[in-house]
**Student:** 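What follows is a structure written as structure tokens; I'll ask about it next.
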Amino acid sequence: RTIATESYVDRDIAEREWHEFFLGGPQCIGLSQDLPEPGAFLTNDDLGIPILATRAADGSFQAFVNACRHRGARVETAERGVARRFTCPFHAWVYDTSGDLVGLPKPEHFGEVDHACHGLRRLAAEERHGLLFVHPVPDASLDLDALLGEWFDDEFPTWNFDRMQPLTRDSYDTACNWKLAMDTFGETYHFSVLHKNTLFNGFHGNVQ
């Protein structure tokens, strides 16, 4: 079988894939241990919509659009950390780890402010099998049963993702189609040639 070149270079195909595969459903943004304690947070900009994910005070996993409800400035710029509050750097509106608006300067200038209506924009989020899933589009629903299917839902618990501790992180900003990256990193056929002195010594794969 062959794959047409257009699959990797056609902008219309890439645009449809972006909306279907990345914005059209939930994405895994990390492990449970990326948010090891109440107040832990991480940010993610990979999907075009800035995401702020938190471990709320009650231990639950929450996710929001990382933008102040007043003027849209990012409320958190760090990649990860621990915080009880998130303060917008523009006008100092303050949100807690559950996304609730808990303070704003000079409230008398606004009249009656309904704090319940001005919390961070919530994103559908679910923690399952030690993995953190978020739908990056506000008001979208998240159906992990449909995403994982029966087989993966039964298989994932055996991998003990919930016990895995992140040790280090690498980021690669590469100008290539996402399928090319998947094709390269998802096969082991090249290990014996390109990685013969490293990976191939301990991982031979299933293609010789």
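Side-chain atoms are counted along with the backbone in the values below, which use heavy atoms only and exclude waters and symmetry mates.
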**Student:** Could you check if a side-chain atom of Glu79 sits within less than 4.5 angstrom of a side-chain atom of Arg169, using non-hydrogen atoms only?
**Tutor:** no

**Student:** Given Trp93 and Val75, is the side-chain contact (heavy atoms from CB on, under 4.5 Å) satisfied, shown in steps?
**Tutor:** CA-CA 9 Å; Trp93 283 36; Val75 297; over 6 Å; no

**Student:** Grouping I, L, V, M, F, W and Y whenever their side-chain heavy atoms are under 4.5 Å apart, do Phe133 and Phe61 come out in a common cluster?
**Tutor:** no

**Student:** Using every non-hydrogen atom in the two residues, find where Gln33 and Asp162 come nearest and quote the distance to one decimal.
**Tutor:**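 Residues Gln33 and Asp162, closest heavy atoms: NE2-O, 3.5 Å.
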
**Student:** Check whether Leu132 and Leu144 end up in the same hydrophobic cluster, where Ile, Leu, Val, Met, Phe, Trp and Tyr are linked by side-chain heavy atoms less than 4.5 Å apart.
**Tutor:** no

**Student:** Tell me whether Ile29 is reachable from Leu35 by hopping between hydrophobic residues (I, L, V, M, F, W, Y) whose side-chain heavy atoms are closer than 4.5 Å.
**Tutor:**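 Yes, same cluster.
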
**Student:** For the residue pair Glu6 and Ile13, what are the closest heavy atoms and their distance?
**Tutor:** O-CD1, 3.6 Å

**Student:** Go through the steps for Gln62 and Thr97 under the test side-chain contact (heavy atoms from CB on, under 4.5 Å), then give the verdict.
**Tutor:** CA-CA 8 Å; Gln62 311 275 341; Thr97 55; over 6 Å; no

**Student:** Should the pair His195 and Phe191 be assigned to parallel (<30°), tilted (30 to 60°) or perpendicular (>60°) ring geometry?
**Tutor:** perpendicular

**Student:** Any chain of hydrophobic side-chain contacts (each under 4.5 Å) joining Leu31 to Leu148?
**Tutor:**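 Looking at the clustering, Leu148 is in the same group as Leu31.
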
**Student:** Quick check: Phe110 with His70 (ring centres under 6.0 Å apart)?
**Tutor:** yes

**Student:** Do Leu52 and Thr43 have side-chain heavy atoms sitting under 4.5 Å apart?
**Tutor:**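 When only atoms from C-beta onward are counted, Thr43 and Leu52 do touch, with a gap below 4.5 Å.
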
**Student:** Minimum heavy-atom separation for Glu155 and Thr158, please, with both atom names.
**Tutor:**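 Scanning both residues completely, I find the closest heavy atoms to be O-OG1, 2.6 Å.
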
**Student:** Are Trp18 and Phe21 grouped together when hydrophobic residues (ILVMFWY) are joined by side-chain heavy atoms under 4.5 angstrom apart?
**Tutor:** yes

**Student:** Are any non-hydrogen side-chain atoms of Arg74 and Asp45 less than 4.5 angstrom apart?
**Tutor:**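 Sidechains of Asp45 and Arg74: in contact.
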
**Student:** Looking at side-chain heavy atoms only, is the closest gap between Pro105 and His91 below 4.5 Å?
**Tutor:** no

**Student:** Kindly indicate, with the supporting measurements, whether the criterion side-chain contact (heavy atoms from CB on, under 4.5 Å) is fulfilled by Tyr95 and Cys68.
**Tutor:** CA-CA 9 Å; Tyr95 303 87; Cys68 180; 3.2 Å; yes

**Student:** Can you confirm whether Trp159 is buried at CH2, in the sense that more than 12 heavy atoms of other residues, nucleotides or ligands lie under 6.0 Å from that atom?
**Tutor:** no

**Student:** Could you walk me through whether Thr54 and Phe64 satisfy the side-chain contact (heavy atoms from CB on, under 4.5 Å) test, starting with their C-alpha distance in whole Å, then the side-chain angles of each, then the deciding distance to 0.1 Å, before giving a yes or no?
**Tutor:** CA-CA 9 Å; Thr54 70; Phe64 314 93; 3.8 Å; yes

**Student:** Does the separation of the ring centres of Phe41 and Phe86 fall below 6.0 angstrom?
**Tutor:** yes

**Student:** Looking only at heavy atoms, which two atoms of Gln27 and Phe22 are closest? And how far apart?
**Tutor:**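 Looking at all heavy atoms of both residues, the shortest contact is NE2-O, 3.1 Å.
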
**Student:** Are side-chain heavy atoms of His115 and Leu104 found at a separation under 4.5 Å?
**Tutor:**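 Contact flag for His115/Leu104 side chains = yes.
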
**Student:** Please determine if Asp10 and Arg16 form a salt bridge, counting it only when a charged side-chain N lies under 4.0 Å from a carboxylate O.
**Tutor:** no

**Student:** Would you check if Arg55 and Val82 make a side-chain contact, meaning some heavy-atom pair closer than 4.5 Å?
**Tutor:** no

**Student:** Over all heavy atoms of both residues, which pair between Cys176 and Leu180 is shortest? Give the atoms and the distance, please.
**Tutor:**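 Closest approach of Cys176 to Leu180, heavy atoms only: CB-CD2, 4.1 Å.
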
**Student:** Decide side-chain hydrogen bond (donor to acceptor under 3.5 Å, both in side chains) for Ser98 and Asp100; before the verdict, give the C-alpha distance in whole Å, the side-chain angles of both, and the deciding distance to 0.1 Å.
**Tutor:** CA-CA 6 Å; Ser98 293; Asp100 296 328; 4.9 Å; no

**Student:** Residues two or more places apart in sequence or in another chain: which of them pass side-chain contact (heavy atoms from CB on, under 4.5 Å) with His19?
**Tutor:**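 Expected list: Glu15, Leu23.
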
